[in-house]
Amino acid sequence: MILSRAHIWDVPRLAVILWGATRAVPGAACARGHADDLWLLGRVTWQGRVQVARAGGRIAGFLLRDGSRVHALYVAPEWRGQGVGRALLRDAQARAGALDLWVLAENLRARRFYRGAGFAEAGHDGQGGGNDEGLPDIRMVWTGEEAGA
């Protein structure tokens with residue numbers, strides 16, 4: 001697996017991975033359309049804020065970060081459970097002194113994943129202010145202290 005900065009030509013694959021996760025959430029109505037997603041992914045990729053994991057000749061997952069805020073971490077379904085997300089998150093942790101993110105409250109798998117990476121729950125938003133779906137979410141933080149930073 002190779003981690004690298006995303007290129008603008010990676011945007012279609014990033015969108016497919018994003019839509020496979022976000023459009024599959026039962027009961028969620030995403031606030032953005034596909035064209036807006038493509039525009040936003042293009043903008044943040046151009047700005048250098050997207051890191052990708054390449055495996056098997058394709059993008060297996062990506063992490064979008066702005067400073068200490070992790071805005072997105074998605075792994076293609078066929079690569080889940082194979083260390084892609086962990087590698088992307090460890091890379092972000094190595095580059096930052098602290099990180100924070102929002103995770104859907106009902107996404108127990110993601111919450112376990114982040115706790116295993118040293119994140120702690122730091123707040124709740126029952127109105128879904130931290131996500132596009134408007135579903136209750138939880139803010140999680142990593143301070144770097146867990147890794148001896």
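The basis for the numbers below is simple: all heavy atoms, side chains too, and nothing from hydrogens, waters or symmetry mates.
In terms of heavy-atom proximity, L38 sits nearest to A15 at CD2-CB, 3.7 Å. Closest heavy-atom contact between L3 and A87: CD1-O, 3.6 Å. Contact record, A98 with S68: O-CB, 3.2 Å, taken as the closest heavy-atom pair.
Interatomic distance, OG of S4 versus CD1 of I59, reported as 7.5 Å (0.5 Å rounding). For the atom pair OH of Y74 and CD1 of I17, the computed distance is 11.5 Å after rounding to the nearest 0.5 Å. Remark: D37 CG to L41 CG distance equals 6.0 Å, nearest 0.5 Å. Rounded to the nearest 0.5 angstrom, R111 CZ and E121 CD are separated by 4.5 Å.
R49 is not listed as a side-chain neighbour of R5, based on a closest heavy-atom distance of 4.5 Å or more. Looking at H124 and R139, their side chains never come closer than 4.5 Å, going by heavy atoms from C-beta outward. Under the 4.5 Å side-chain criterion, counting only non-hydrogen atoms from C-beta, V103 is not in contact with F113.
Checking side-chain atoms of Q93 against main-chain N and O of A117 turns up a donor-acceptor pair under 3.5 Å.
Counting non-hydrogen atoms of other residues, nucleotides and ligands closer than 6.0 Å to CZ of R69 gives a total above 12. Heavy atoms of other residues, nucleotides or ligands lying less than 6.0 angstrom from CD1 of I2 number 12 at most. Within 6.0 Å of atom CZ in R109, 12 or fewer heavy atoms from other residues, nucleotides or ligands are found, so the atom counts as exposed in its surroundings.
Classification of R54 and D10 as a salt-bridged pair holds, one side-chain N sitting under 4.0 Å from a carboxylate O.
A perpendicular orientation is assigned to the rings of H34 and W19, their planes being inclined by more than 60° (bins at 30° and 60°).
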(request) Mind running side-chain contact (heavy atoms from CB on, under 4.5 Å) on L99 and R65 for me, showing each step along the way? (result) CA-CA 9 Å; L99 295 172; R65 183 171 65 93; 3.6 Å; yes
